[in-house]
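Since this is a predicted model, take the numbers as computed values, not measurements. By convention in this document, chain letters (A, B, ...) are assigned in the order of the sequence lines, proteins followed by strands, and residues within each chain are numbered from 1.
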There are 2 protein chains.
Amino acid sequence: MKRTTIQDVAQAAGVSITTVSRVINNNYPVKASTRKKVEEAVDTLKFKPNLLARSLIQNSTKTVGILTPSIENLFFSEVIKGVDSILKEKGYTTFLCHTEGEATNEVEVIHSLVDRRVDGMVVLDPRKENVVSGYFEELAKRVPLLLVNGYAQGTGCSYVLNDGEGGARMALKYLITEGCKRIVFLRGKKSHSYDIKEEVYLEFMKAHGMESRILRIKDGNDIKTVEQAKEAVADYIRSGEKPDALLACNDWMAVGALSGAKSEGLLVPKDMRIIGFDNTIISMITEPKLSTVDQQMTKLGQLAGNRIYKMMTTKDIENQKTYLETRLMIRES
Amino acid sequence: MKRTTIQDVAQAAGVSITTVSRVINNNYPVKASTRKKVEEAVDTLKFKPNLLARSLIQNSTKTVGILTPSIENLFFSEVIKGVDSILKEKGYTTFLCHTEGEATNEVEVIHSLVDRRVDGMVVLDPRKENVVSGYFEELAKRVPLLLVNGYAQGTGCSYVLNDGEGGARMALKYLITEGCKRIVFLRGKKSHSYDIKEEVYLEFMKAHGMESRILRIKDGNDIKTVEQAKEAVADYIRSGEKPDALLACNDWMAVGALSGAKSEGLLVPKDMRIIGFDNTIISMITEPKLSTVDQQMTKLGQLAGNRIYKMMTTKDIENQKTYLETRLMIRES
DNA sequence: TTGTACGCGTTATCAC
DNA sequence: GTGATAACGCGTACAA
């Protein structure tokens with residue numbers, strides 16, 4: 001399975017490899033007749049330049065790695081599509097890798113990408129361990145690196161972030177104006193975005209002299225989220241509590257909460273209001289349709305795409321943090 | 001940002017690059033003391049071999065490309081995770097690329113991967129155009145290629161496939177034994193898997209002397225599927241029809257169908273039974289829970305992972321087609 | 001306008 | 001055990 005090289009083309013066209021290279025890259029003047037000969041040879045031999053060799057000498061692979069904790073979460077899918085669309089347009093190929101939300105996997109995958117000399121990396125929802133340990137900060141010195149959402153306190157990295165804080169506050173304010181008094185907060189175990197929202201929630205409830213109540217489920221991103229959220233909410237209601245509103249950290253949880261409330265005979269939104277987070281498609285297929293905080297996922301992705309591009313093409317190393325505002329989508333819950 | 005090379009390490013350790021290479025790859029005897037010197041130099045210089053250079057000479061990147069039409073479809077996510085888990089274990093890095101279901105994108109992405117010298121490729125639900133045009137058959141001669149599901153008639157390619165045919169037949173048989181008489185079939189526009197199921201449906205209905213009725217919606221994979229399916233089913237019922245069962249080509253459609261039936265006042269499963277396809281998580285979050293045909297997605301992915309591995313490591317070029325059986329999951333619909 | 005020769009960072013080959 | 005040196009396939013000064 002010997003592949004044809006630039007040598008073969010040169011020989012077939014009766015010119016030197018230099019000339020072939022020039023025709024292919026179209027970066028130096030070549031006589032029209034020569035160019036034609038070369039192009040013909042390229043066609044008949046179906047020559048495709050070996051990008052490994054090219055990358056080796058140019059020190060650039062025109063490749064960007066995208067890391068995500070999960071490919072089952074529609075939130076990430078949308079963001080990824082946003083990043084992708086921008087980078088593709090700029091002539092980059094993107095490779096998607098998933099880490100199952102494990103910090104060790106994250107490091108491992110990153111090493112693999114670095115070893116393969118990607119030109120840059122975008123990490124969605126980076127693991128907090130790797131942020132606080134200074135791993136990313138160190139990494140950012142050696143390769144263009146952009147983090148999207150996730151823990152961002154005092155780190156020397158570039159970020160593009162959703163304003164989850166603002167979103168949570170907006171949702172809570174809305175619930176208050178609607179007359180809700182007993183607002184419950186539903187979150188997964190470990191994610192910085194959950195922490196942020198919880199903080200806002202606690203502070204908000206305290207400021208309004210209301211009692212706070214937090215329900216916790218295991219993960220939050222994986223397949224079991226819905227079932228776990230349902231259980232948690234149903235249990236809570238069964239225990240005699242009478243919540244009149246619930247704020248969930250993402251739409252999967254909200255779906256589960258809805259299901260749990262229904263199963264215990266509560267009517268949504270009459271008895272209990274529910275607001276989710278992300279505005280993914282699933283918030284629209286439930287009955288009633290879920291109100292949610294729109295995080296503008298596509299836009300977030302595009303923002304990230306443009307930013308990493310700038311980082312790769314200029315020497316812009318200053319670590320900038322860009323926040324994207326959120327919007328409240330009131331539907332039927 | 002000059003990276004440290006094997007040269008630097010050799011110099012620091014006072015040995016030749018050959019020796020350094022031997023220590024790193026651990027493939028030739030090296031005196032213990034020398035090895036130690038080299039390892040220290042590697043550590044202090046934080047040397048990481050350039051995989052591009054290595055791949056160039058070894059003619060292998062230890063990399064596999066996975067193509068999917070969509071990263072929003074939970075069916076594909078599961079399959080991908082299956083493939084991934086196997087290949088990772090074998091020491092390969094996988095790169096995921098998505099094509100938005102466009103045949104032209106598919107070709108483009110494949111070229112990019114080939115140019116980057118991936119050792120193999122797994123294509124989920126390949127576009128029919130590229131199958132019938134012989135594109136894949138041609139490609140398979142130059143690089144280990146495995147297709148998963150999709151049109152497989154008379155092509156010289158290796159396949160791993162779900163037995164959608166058997167699954168559809170199983171579901172229909174079940175509905176009959178449950179006494180259903182007016183069974184409707186719901187499908188999306190273009191996908192070979194839909195075609196297969198439709199064929200079985202038509203043949204089955206004819207054999208049982210029942211009238212067939214097919215509802216068609218636009219795409220089937222994208223975000224609008226649920227809404228479109230709901231509309232289609234609601235319209236159908238409003239037109240005066242009284243279906244007592246519906247077989248949908250995937251779970252998204254089944255969710256929409258359920259919603260449509262409900263909106264027209266039909267009770268599921270009392271008035272009308274619904275069976276979906278795939279057994280994705282969403283089939284479990286509806287009320288009632290959806291019955292569906294389990295396609296064993298993870299297992300399918302693992303099968304694919306093992307198969308492409310064999311193709312890459314041996315010269316096993318015979319194009320084999322492996323079918324994975326489906327199972328009927330009866331829940332509440 | 002074209003060609004020669006070197007270098008990118010590794011591993012493979014063959015001496016010693 | 002170890003070290004020169006030639007590959008791998010391509011881009012690009014430099015020379016012609």
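Distance from the side chain of T18(A) is smallest to dT4(C) among dG11(D), dT10(C), dT4(C). Considering only side-chain atoms of R22(A), the nucleotide from dT10(C), dC14(D), dC10(D) that sits closest is dC14(D). In the set dT1(C), dT11(C), dG9(C), the nucleotide with an atom closest to the side chain of K31(A) is dT1(C). Distances were taken from every side-chain heavy atom of L56(A) (C-beta onward) to each of dA4(D), dT12(D), dG9(C); the shortest belongs to dG9(C).
Across the interface with DNA chain C, nearest-nucleotide mapping of K48(B) and Y28(B) shows K48(B) to be the residue nearer the 5′ end. Nucleotides of DNA chain D nearest to A53(B) and S16(B) differ in position, and the one nearer the 5' end is that of S16(B). Sequence order on DNA chain D of the closest nucleotides to I57(A) and I17(B) puts I17(B) first from the 5' end.
Using a 4.5 Å heavy-atom cutoff, the side chains of V114(A) and R142(A) are not in contact. Residues L96(B) and I71(B) have side chains in contact (heavy-atom distance under 4.5 Å, counting atoms from C-beta outward).
No more than 12 heavy atoms of other residues, nucleotides or ligands sit less than 6.0 Å from atom NZ of K299(B).
Residue S55(B) is classed as having no contact, given no heavy-atom separation below 4.0 Å to the nucleic acid.
Atom OG1 in T298(A) sits 12.0 Å away from atom CG in D84(A) (nearest 0.5 Å).
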